[in-house]
Amino acid sequence: MVTVRAPATSANLGSGFDVFGAALTRPADVVTVEKAAETTIEVTGVGAQYIPEDPEKNTVGAVVEALDAPARIHIDKGVRPASGLGSSAASAAGAAVALNRLYDRGLSRSELVPVAAEGEAVVSGVAHSDNVAPSILGGFTVTTSETTHAVDAAVPLVVCLPDVAVSTRDARRVVPERAPMEDLVETVGNAATLAIGMCRSDPDLVGAGMSDPVVTPERARLITGYDEVRAAAFDAGAAGVTVSGAGPAIIAVCREDRRRGVAAAMLDAFAEAGIDARAYQTRIGKGSTVL
Ligand code: HSE
């Protein structure tokens, strides 16, 4: 039997649409696998009632196929589905790392990224690696269609998750097909600034580079209270605020001593908008860990 803790992730971090990702120290899924003749999947934990246990429909089924590794699988969800925190990616990443170990397949962490991305495709329709990469490798990740690079970064974060769901499919429908050149230039400048900030573990630089004039404004419209929560986080000392992944979670970067205040301010602003929410005081952390 192998048990793996697979972290939640945030991907895009604003300016890095479909490219940037970060592993969060919390929340996380815990995936346990045991060899079996036929694959079965049991799901417990947060939002388990929304997740199919049929291996054909579960994100983990495609990972089992790719590794030819039938197993009895238990997924204990800590990452709520439809949150913008890489919920399906955490399960796929955890299963890939666990099954690789259970069956001694010998794949490296980097080789497991496209395997777990196959699982993502089952849920989102596209085999994106921007969430599975940080959930497997940890740190801050830059994923293109060809490569993934990861660096460790010690950056404090707050993730505020409202008690509403936004599906990745819906959030992808509002992404503009084209953008003006001036917006693209601004986005590239911001993304480069953010990447340097990560390499220096500098929350102020990361925050300065989060702004994205192309995708985030469209997605923010799907999140009731977004503008107020964003403003409250900045007032409390956040260096940058954006939609986490496809939403509805909102992610803020700040200095360590501001994290508690930023979390409280974001929760208060959601409450003012009449929406229940929970806040995770977190940071960029490790990838999937065999327990
Ligand atoms: N980067 C993706 C998005 C996350 O924001 O739609 C889902 O893979």
Side-chain angles (χ1 to χ4, degrees), residues 6-24 27 29 47 50-51 58-60 62-63 79-96 112-137 140-150 157 159 161-162 164-177 179 187 190-191 194-195 198 209-223 226 240-251 284 287-288:
T9 50
S10 183
N12 319 292
L13 303 169
S15 55
F17 180 65
D18 277 356
V19 174
F20 290 167
L24 310 179
D29 282 3
Y50 303 114
I51 300 175
N58 188 293
T59 180
V60 161
V63 177
V79 189
R80 200 199 78 188
S83 60
L85 296 174
S87 177
S88 56
S91 298
L112 288 173
V113 170
V115 170
E118 287 304 316
E120 268 285 78
V122 173
V123 175
S124 72
V126 196
H128 283 294
S129 299
D130 56 348
N131 284 105
V132 290
S135 193
I136 290 177
L137 302 170
F140 165 66
T141 54
V142 175
T143 306
T144 69
S145 54
E146 303 293 325
T147 60
T148 297
H149 297 287
L157 300 164
V159 172
L161 177 60
V164 292
V166 171
S167 84
T168 301
R169 283 178 203 266
D170 289 346
R172 292 193 80 81
R173 276 193 205 113
V174 303
V175 174
E177 284 181 14
T187 305
N190 289 343
L194 187 152
M198 288 291 187
M210 270 183 163
S211 176
D212 146 49
V214 179
V215 178
T216 308
E218 301 304 320
R219 286 184 162 179
R221 285 187 233 282
L222 304 176
I223 306 168
Y226 178 82
V241 184
T242 191
V243 176
S244 178
I250 300 176
I251 186 166
I284 295 180
S288 293

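When a ligand or atom number is given, it counts from 1 through the structure's own listing order. When reading the values below, keep in mind they use all heavy atoms of this one structure, side chains included, and skip hydrogens, waters and symmetry mates. We number each residue from 1, following the sequence as shown.
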>> Ignoring hydrogens and geometry beyond distance, is a side-chain donor-acceptor pair present between T144 and T147 at under 3.5 Å?
In response: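 The answer is yes; a qualifying pair exists.
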
> Of the backbone atoms (N, CA, C, O) and the side-chain heavy atoms from C-beta on, which set of R169 has a member under 4.0 Å from an atom of ligand 1: side chain, backbone, both, or neither?
Replying inline: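 Near ligand 1, R169 shows nothing, with every heavy atom at 4.0 Å or more.
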
>> With a heavy-atom distance limit of 4.0 Å, tell me whether N131 approaches ligand 1 through its side chain, its backbone, both, or neither.
In response: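 For N131, only side-chain atoms sit under 4.0 Å from ligand 1.
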
> Looking only at non-hydrogen atoms, which of L13, D18, T216 approaches atom 2 (C) of ligand 1 most closely?
Replying inline: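 Checking each option, the heavy atom nearest atom 2 (C) of ligand 1 is found in D18.
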
> Between T168 and ligand 1, is there a nitrogen or oxygen pair with a distance under 3.5 Å?
Replying inline: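 N/O-N/O distance under 3.5 Å: no.
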
> Would you say ligand 1 has an N or O under 3.5 Å from any N or O of H128?
Replying inline: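 Between H128 and ligand 1, no N or O pair is found under 3.5 Å apart.
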
> Which of the numbered atoms in ligand 1 are below 4.0 angstrom from a heavy atom of G245?
Replying inline: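 That gives atoms 5 (O) of ligand 1.
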
> Which atoms of ligand 1 sit under 4.0 Å from any heavy atom of A11?
Replying inline: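 Close to A11: 1 (N), 4 (C), 5 (O).
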
> Are R80 and D29 close enough for a salt bridge, meaning some N to O gap below 4.0 Å?
Replying inline: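 The answer is no: the pair does not qualify as a salt bridge.
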
> What are the two closest heavy atoms between S10 and S244, and how far apart are they?
Replying inline: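 Shortest heavy-atom separation between S10 and S244 comes out as OG-OG, 2.8 Å.
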
> Partners of Y226 by ring pair (Phe, Tyr, Trp, His ring centres under 6.0 Å), sequence neighbours excluded?
Replying inline: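 Once residues adjacent in sequence are excluded, Y226 has no partner under the ring pair (Phe, Tyr, Trp, His ring centres under 6.0 Å) criterion.
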
>> I'd like to know whether ligand 1 has A171 as a neighbour, heavy-atom separation below 4.0 Å.
In response: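 Contact absent.
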
> Is D130 close to F17 at the side-chain level, that is, under 4.5 Å between some pair of heavy atoms?
Replying inline: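 The answer is no, as the side chains (C-beta and beyond) never meet within the 4.5 Å cut-off.
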
> side-chain hydrogen bond (donor to acceptor under 3.5 Å, both in side chains) with N12: which residues, sequence neighbours excluded?
Replying inline: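 If we apply the side-chain hydrogen bond (donor to acceptor under 3.5 Å, both in side chains) test to N12, skipping adjacent residues, there are no hits.
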
